[in-house]
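Structure record follows, encoded as structure tokens.
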Amino acid sequence: MVAAVRLLADNSSLRKVAILQDALNTGDIAYLTPLLRNISFIDDNRSMQLITKELATTQSPEVQTALIYWVAENKRQELLLGDHPSLGLF
């Protein structure tokens, strides 16, 4: 499953966002966690905005934990503060 998603995501920023949004909407950690590990969302501002928004609003402790782990692994702690200049959220 991850290999197929990776092929789709490698071709377009919009696909990355759509795939990430789908994983976040389902709240399925078995789907979300491999995506976060295997697809690079770091250079995609839309994905960063989505991750930041989800960190602030999710009601799921599992999703929040997965996102916090991803933030730490990718050294993007500014997303936890919501003050990344490219985000334009806060």
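Since this is a predicted model, take the numbers as computed values, not measurements.
Contact between L24 and V63 at its shortest, heavy atoms only, is CD2-CG1, 3.9 Å. Contact between K16 and S47 at its shortest, heavy atoms only, is CB-OG, 4.3 Å. Pairing each heavy atom of L35 with each of A23, the nearest pair is CD1-CB, 3.4 Å.
Taking CG from L50 and CG from N45, the interatomic distance works out to 12.5 Å, rounded to the nearest 0.5 Å. Rounded to the nearest 0.5 Å, atoms CG (L20) and CD1 (I39) are 8.5 Å apart.
Side-chain N or O atoms of K53 include none that pairs as donor or acceptor with a backbone N or O of M48 at under 3.5 Å. No donor-acceptor pair under 3.5 Å is formed between the side chain of T58 and the backbone N or O of L55. Remark: side-chain polar atoms of D22 are not paired, donor with acceptor, to backbone N or O of A18 under 3.5 angstrom.
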Show me the donor-acceptor pairs, under 3.5 Å and distance only, between side chains in residues 68-75 and residues at least two apart or in other chains.
unit_1 : atom_1 : unit_2 : atom_2 : d
W70    : NE1    : L36    : O      : 3.3
N74    : ND2    : W70    : O      : 2.8

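For the side chain to side chain contact (heavy atoms under 4.5 Å, CB included) test, no residue two or more places apart in sequence or in another chain qualifies with T65. For Q64, the side chain to side chain donor-acceptor pair (under 3.5 Å) test picks out no residue, with sequence neighbours left out.
Looking at T26 and L32, their side chains never come closer than 4.5 Å, going by heavy atoms from C-beta outward.
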Exercise for the section: Would you please test Q21 and N25 for side chain to side chain donor-acceptor pair (under 3.5 Å) and show each step? Expected result: CA-CA 6 Å; Q21 181 70 55; N25 286 343; 2.8 Å; yes

